[in-house]
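This report concerns only the one structure given below.
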Protein chains: 4
Amino acid sequence: MKKNKPKYNQIIEAAVEVIAENGYHASQVSRIAKKAGVADGTIYLYFNNKEDILISVFEEKMGQFIEKIACGISKMNNAEEKLLKLIQMHFHQLSEDPHLAIVTQLELRQSNTDLRLKINQILKPYLTVIDDIIVEGTKENIFRDDLNVLLVRQMIFGTLDEIMTNWVMKEQKYNLAQEALQVQSFIINGLSVRE
Amino acid sequence: MKKNKPKYNQIIEAAVEVIAENGYHASQVSRIAKKAGVADGTIYLYFNNKEDILISVFEEKMGQFIEKIACGISKMNNAEEKLLKLIQMHFHQLSEDPHLAIVTQLELRQSNTDLRLKINQILKPYLTVIDDIIVEGTKENIFRDDLNVLLVRQMIFGTLDEIMTNWVMKEQKYNLAQEALQVQSFIINGLSVRE
Amino acid sequence: MKKNKPKYNQIIEAAVEVIAENGYHASQVSRIAKKAGVADGTIYLYFNNKEDILISVFEEKMGQFIEKIACGISKMNNAEEKLLKLIQMHFHQLSEDPHLAIVTQLELRQSNTDLRLKINQILKPYLTVIDDIIVEGTKENIFRDDLNVLLVRQMIFGTLDEIMTNWVMKEQKYNLAQEALQVQSFIINGLSVRE
Amino acid sequence: MKKNKPKYNQIIEAAVEVIAENGYHASQVSRIAKKAGVADGTIYLYFNNKEDILISVFEEKMGQFIEKIACGISKMNNAEEKLLKLIQMHFHQLSEDPHLAIVTQLELRQSNTDLRLKINQILKPYLTVIDDIIVEGTKENIFRDDLNVLLVRQMIFGTLDEIMTNWVMKEQKYNLAQEALQVQSFIINGLSVRE
DNA sequence: TATGAATGAGTATTCATTCAT
DNA sequence: TATGAATGAATACTCATTCAT
């Protein structure tokens, strides 16, 4: 498995740094190679093309991202707690790794539609985690039973994603962790005044 | 005023079409010129450079988009109704103009960070409209009074934006209009079971 | 005769200024038109094309330049005096009009070979003036009678031209007039120690 | 050292030919690449940009030109002989390589002022060679001791340069070598009848 | 595996010139 | 005569990818 080879990871890490620092379009393959300490040609022993580097970056990082969240959630007792945990960990993980946050929220989106479809595939397990919480919440009678799971998941993901993007574009100047509870409350209770 | 000149609008319309059909990166200036029925050089009598075309497209289209929504909302009686109207019109306007939807949801995001900052500026009036609804809802005692307006606005916009993007990426195969009510309900009531 | 029309001269004067200030390649026709206070298209009522403007500038200015020198020389009594007068006036006239000096010594040379042949045609009367002095000097028995007039004229012109070019490139910081006598002495006596 | 790389020299030689044949402005980088038998992009592995090719051509060729003259002169016994040798070799070297003569006398002058300043820097060692002859001649009591070295050098260089340019523009139809002696005589003795 | 020199396709922009008014 | 909006040809340079070593 090529992924166990050290150069593969060197290149992945170099790509995250180079893209975060220079932006997607200024990140030439040769620059990534230099930062990774390998020759330009070596890149092509591990990746098919430049796009493949980007997909692999997302794949590797998202894999870890989702795994940790799935793990964290499994310890929670109900959908409400799981949702909060998911929000907290979503914010926390990206806050902890600003380079990765820049890449996922800004630079990776500067890719063409084909690449975005591949990115969506990689994202699917995360969306499934969200779906599961929704379904579980409904079963637990915490959430309404008339929910359109697909739609609700889009809304939840869109909410979290937009908050992350704003945070990155505001140059990470404020503390996201504090907002997790408000976000959970919004998703669960909405804006209305509770009777 | 250059905006009254017919060629300015011809170029704007051509740009939307060409970008929607070919994607951001395959949209050469010469192709836009051809579609607009003008010479390549004519583009530069009306726009400073290629980026300026893109910004202007967004400016023009978003201007109309926001104006219509602001107008539609003004006829509504309270924040709840206004929110529903905003959601309906947001979905409706982009659904009606698939080319524009593709450009705003997919292609325009493939731009660099500088351009995205300019786009955010153009988007600001729309965000303000959302802010106003939130504030109004609070005053009307329909919405809670402990809301963080900035955060809530991000969540609402993120929700709508993600739904639109999914719809565009799924090739506009389903009817968005039907979902507006569910979305409003989600935003106002959240997921929880009402007592 | 078009040359009596005021706009013709306005354009010529504007061209000298614009070329001297911006350099040959940065001197767009539209800039010359603007400085001359006419529309771009008007230029083409008086000149065939951009090259024609340049040739005409040289023609007009060189015509005056040569006329004055020919006139000044005619008052001198012998070839030696005439040579000195020619040198003095060559230096004086271009020193007095730095814009013209820049155009003739630097910018006009950035033209293609065809244009340079035309420039050489315009220069011919000046070269003839030099030829005449050489021939006269020989007849007066002041200059040797074995001189190759064509070659000697090239040497004299080359000498004056190089001095002017150096003066222009050194940004006209020193006084050329003082050097005329040394130049005349060099041409007449050479470098050798006179017995 | 890049200058030992064969492609560097291939490109230099191709550039001389292409510029001599097509003129400065019609010499596209792609044409030079084609003539040199390399890809367009390869040019940019050896040169920073198009201007850099031109400067390097002049640098390489002038370097050899000056070196040979300096070498030839060193064998001569006094300033008079050295001057003659310099003139002969100046004429000879450029006569032998008409492509180079066209480039140096005509095409390279079609460059902007910045480039000309760089060219002047490259020319400096040649001017110094001339200066040295003047100073030596004075010390040997062959030349007058009141000479303004800078001015005299300009006159000598201008003389040679103008003769070369005329020869190139007359399409190299006559034999320059024969004129070297007359030129030396002019420079040393001037035009006057010797008593 | 690893290298890095070489490749060559691809495109925004300028500006001299025209021509309908 | 005079205008100036419109034209469209023309070109340097980058960078992802290859392949001989």
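To find a chain, count down the sequence lines: A is the first, B the second, and so on, and within it residues start at 1. Basis for what follows: all heavy atoms, side chains included, without hydrogens, waters or symmetry-related copies.
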Exercise. Taking atom C1' of E:dT1 as reference, at what distance in whole Å does atom CD1 of A:I11 sit?
Worked result: 12 Å
Seminar exercise, completed: Assert: residue with more 5' nearest nucleotide on DNA chain E, out of C:E51 and B:Y44, is B:Y44
For this session: Measure from NE2 on B:H25 to C1' on E:dA12 and round the result to the nearest Å.
Result: 14 Å
Seminar exercise, completed: Residues at least two apart in sequence or cross-chain that pass side-chain contact (heavy atoms from CB on, under 4.5 Å) with D:L123, listed by chain then number, are D:F58, D:M62, D:F157
For nucleotides 6-10 of chain E, list the nitrogen or oxygen atoms of the protein found under 3.5 Å from its nitrogen or oxygen atoms, one pair per line.
{"unit_1": "E:dA6", "atom_1": "OP2", "unit_2": "D:Y46", "atom_2": "OH", "d": "2.7"}
{"unit_1": "E:dT7", "atom_1": "OP2", "unit_2": "D:A39", "atom_2": "N", "d": "3.1"}
{"unit_1": "E:dT7", "atom_1": "OP2", "unit_2": "D:T42", "atom_2": "OG1", "d": "2.2"}
{"unit_1": "E:dG8", "atom_1": "N7", "unit_2": "D:G41", "atom_2": "N", "d": "3.1"}

Exercise. Where do A:D161 and A:Q105 land on the side-chain hydrogen bond (donor to acceptor under 3.5 Å, both in side chains) test, with the steps shown first?
Worked result: CA-CA 8 Å; A:D161 193 54; A:Q105 301 306 125; 3.1 Å; yes
Exercise. How long is the line joining CD1 of C:I32 and P of E:dA16, in whole Å?
Worked result: 8 Å
Exercise. Within this structure, what is the CZ-to-C1' distance between A:R31 and F:dT14, rounded to whole angstrom?
Worked result: 13 Å
Exercise. In chain order, what residues pass the ring-ring contact (aromatic ring centres under 6.0 Å, His included) check against B:F65, with sequence neighbours excluded?
Worked result: B:H90, B:Y126
Problem set entry | Watson-Crick or G-U stems of DNA chain F, 3 or more pairs, under 3.5 Å, by first number | E:2-21 with F:2-21
Exercise. For the pair made of CD1 in B:I43 and C1' in E:dA12, what is the distance, rounded to whole Å?
Worked result: 11 Å
Exercise. Who pairs with A:Q10 by side chain to side chain donor-acceptor pair (under 3.5 Å), at least two apart in sequence or on another chain?
Worked result: none
Exercise. Under 30°, 30 to 60°, or over 60°: which ring-plane class applies to B:Y8 and B:F47, parallel, tilted or perpendicular?
Worked result: parallel
Problem set entry | D:K118/D:E51 salt bridge by N-O under 4.0 Å criterion | yes
Exercise. What's the verdict on side chain to side chain contact (heavy atoms under 4.5 Å, CB included) for D:E107 and D:I102, showing C-alpha distance, side-chain angles and the deciding distance?
Worked result: CA-CA 7 Å; D:E107 305 302 341; D:I102 292 170; 4.0 Å; yes
Seminar exercise, completed: Between OH of A:Y8 and P of E:dT1 the distance, given in whole Å, is 14 Å
For this session: Verify, without hydrogens or angle tests, whether C:S56 (side chain) and C:D52 (backbone) share a donor-acceptor contact under 3.5 angstrom.
Result: yes
For this session: Please state how far atom OH in D:Y24 lies from atom C1' in F:dA12, giving the value in whole angstrom units.
Result: 12 Å
Exercise. To the nearest angstrom, how far is D:N49 atom CG from F:dT14 atom C1'?
Worked result: 14 Å
Problem set entry | All pairs passing salt bridge (charged side-chain N to carboxylate O under 4.0 Å, His left out) where residues 35-44 of chain B contributes a residue, at least two apart | B:E17-B:K35, B:E21-B:K35
